[in-house]
Protein chains: 2
Amino acid sequence: MEKEKKISNAVVRRLPKYYRYLGDMLKNKIIKTSSKELSEMTGFSASQIRQDLNNFGGFGQQGFGYDVKNLCEEIGKIIGTDKKYNIIIVGAGNIGQAIANYTGFYENGYEVRAIFDKNPKMIGLSIKNNVIVDVDDMDEYLANNEIDMAVICTPKMVCQNIADRLVANGIKGIWNFAPTDINVPKDVALENVHLNESLFSLTYYYNQNLNNTDEN
Amino acid sequence: MEKEKKISNAVVRRLPKYYRYLGDMLKNKIIKTSSKELSEMTGFSASQIRQDLNNFGGFGQQGFGYDVKNLCEEIGKIIGTDKKYNIIIVGAGNIGQAIANYTGFYENGYEVRAIFDKNPKMIGLSIKNNVIVDVDDMDEYLANNEIDMAVICTPKMVCQNIADRLVANGIKGIWNFAPTDINVPKDVALENVHLNESLFSLTYYYNQNLNNTDEN
DNA sequence: TAGATTGTTAATCGATTAACAATC
DNA sequence: TAGATTGTTAATCGATTAACAATC
């Protein structure tokens, strides 16, 4: 078995950006590109881009550059966008509804299979092709359906409980929008979207800029 | 004038998490804490926490620890949550609506002053206290109202145009939810929430875990 | 062939961790 | 006073950048 070098989180976070720009180029029928060109688009240094790509193999051709279609496909394979994923959404409040309508799922092979909520007023309503189901029925649903990932859009009070139940039912990927940290076993992939932390970071830099301008 | 040491982005990203846990402790009437305790809560090392805090000043007491209330207030001041902010939302689609209903704004002193959209079917409808206004009237609105930050929730085709108009009208903070990169002058704070990139990172780690499990 | 650009090693830079003196 | 924990310096670690040989 090949010993795989551990890919740093910093690299992983850049892959989707490469993938997006390459997809754009592909749509515009651009055949070749280079680390220099990708650098201008992404803002990452050309050297860093070459380093990043060479973590996964030599996708380029010396003296020429990279074939856009090939590189895009290869990065897609690394990320895993070449596969299909069944997902569920837990919590049909503001964020849950927005996520249920999120076109990025359908454009990239993710299919929303079910939406759960505990509010009786929500249960039975439809979002896109899905009827909202009582969250009490979630465990049974998961036991009987092949679901890959779940999106947590519940209030923070219940999100750890939901996460525990998801994990107990074999879910191995969680996209968490609840504004708190949850604990999952290390074989479960967890991605947090903490809007509050994002807004506060923005606020810090906003004030930083104001202060710097004042000083002049 | 004191020469301010540049705070690294990594530190800035950790501040909101300290702030959140300290707020939780405050709510639970906990008086004192320590870098060790904060380490257990946040997952950051105690050493790193002390380093982070000492970028901004000595908030602790040797041999004792940190006063929760004081430290929480100090970090609030550093982030800027002690101030009020007027914001507008541009784009009243799925994400825009979710953001308009986002309780984090009201809980932290951010006030949504206006919501803009270009869809005639949306214009005139209300979200919370705000009537959705024609985006053609945005520039005039900004010229006549004191707005601090804007949230961009438009399709990616128009988001650079929106950003340019926001900047032209003096907006210095932009929270961008459109799935693309936008360019703003460096005195404008920009925070991107790229859901597609977040989902792809999750997908990468999801597959990584599956592969590692397979190998055993 | 000459020019261009990758792949890869080495150098640099910055962030994290370790250690411990200061001191409450 | 003894114990605890900060503030801060030094050591380590890891990521980014620079440089250049390989080669198309």
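At the heavy-atom level, A/Ser47 lies under 4.0 Å from base atoms of the strands shown. Here B/Phe59 lies in heavy-atom contact (under 4.0 Å) with sugar-phosphate atoms only.
Between the CG atom of B/Asn55 and the P atom of D/dT8 there is a distance of 11 Å, given to the nearest Å. Computed from coordinates, the B/Phe56 CZ to D/dG7 C1' distance equals 15 Å when rounded to whole Å. Between the CG atom of B/Leu53 and the C1' atom of D/dT5 there is a distance of 13 Å, rounded to whole Å. A/Gln61 has its CD atom 12 Å from the C1' atom of C/dA4, to the nearest Å. Atom CG of B/Asp52 is separated from atom C1' of C/dT17 by 12 Å (rounded to the nearest Å). Atom CD1 of B/Ile49 is separated from atom P of D/dT5 by 14 Å (rounded to the nearest Å). The separation between A/Asn54 atom CG and C/dT8 atom P is 5 Å, rounded to whole Å. B/Phe64 places its CZ atom 16 Å from the C1' atom of D/dG7, with the value rounded to the nearest Å.
For B/Arg50, whose side chain is taken as the heavy atoms from C-beta onward, the closest listed nucleotide among D/dT8, C/dT5, D/dT16 is D/dT8. When each of D/dT8, D/dT5, D/dC24 is scored by its nearest atom to the side-chain atoms of B/Ser34, the top-ranked nucleotide is D/dT5. Checking D/dT5, C/dT16, D/dT6 against every side-chain atom of B/Tyr66, the shortest atom distance belongs to D/dT6. The side chain of A/Gln62 sits closest to D/dA22 out of D/dC20, D/dA22, D/dT6.
In this structure, A/Tyr110 has its ring center at least 6.0 angstrom away from the ring center of A/Tyr102. The distance between the ring centers of A/Phe59 and A/Tyr66 does not fall below 6.0 angstrom.
With A/Phe64 as the aromatic partner, A/Lys32 meets the cation-pi criteria of under 6.0 angstrom to the ring centre and within 45 degrees of the ring axis.
In this structure, C/dA4 and D/dT23 make a Watson-Crick or G-U wobble pair, each of the two defining distances being under 3.5 angstrom. Pair check for D/dA18 finds C/dT9; Watson-Crick or G-U wobble, both atom distances under 3.5 Å.
Residue A/Ser35 has no polar side-chain atom (N or O) positioned under 4.0 Å from OP1 or OP2 of C/dT5. Listed pair B/Ser45 / C/dT16 fails the phosphate criterion, with no side-chain N or O lying under 4.0 Å from OP1 or OP2.
With salt bridges taken as basic N to acidic carboxylate O contacts below 4.0 Å, one links A/Glu40 and A/Lys36.
Closest approach of B/Gln160 and B/Asn183 over heavy atoms only: OE1-N, 2.9 Å.
When the nearest nucleotides of DNA chain C are assigned to A/Gly63 and A/Gln51 by heavy-atom distance, the more 5′-ward of the two goes with A/Gly63.
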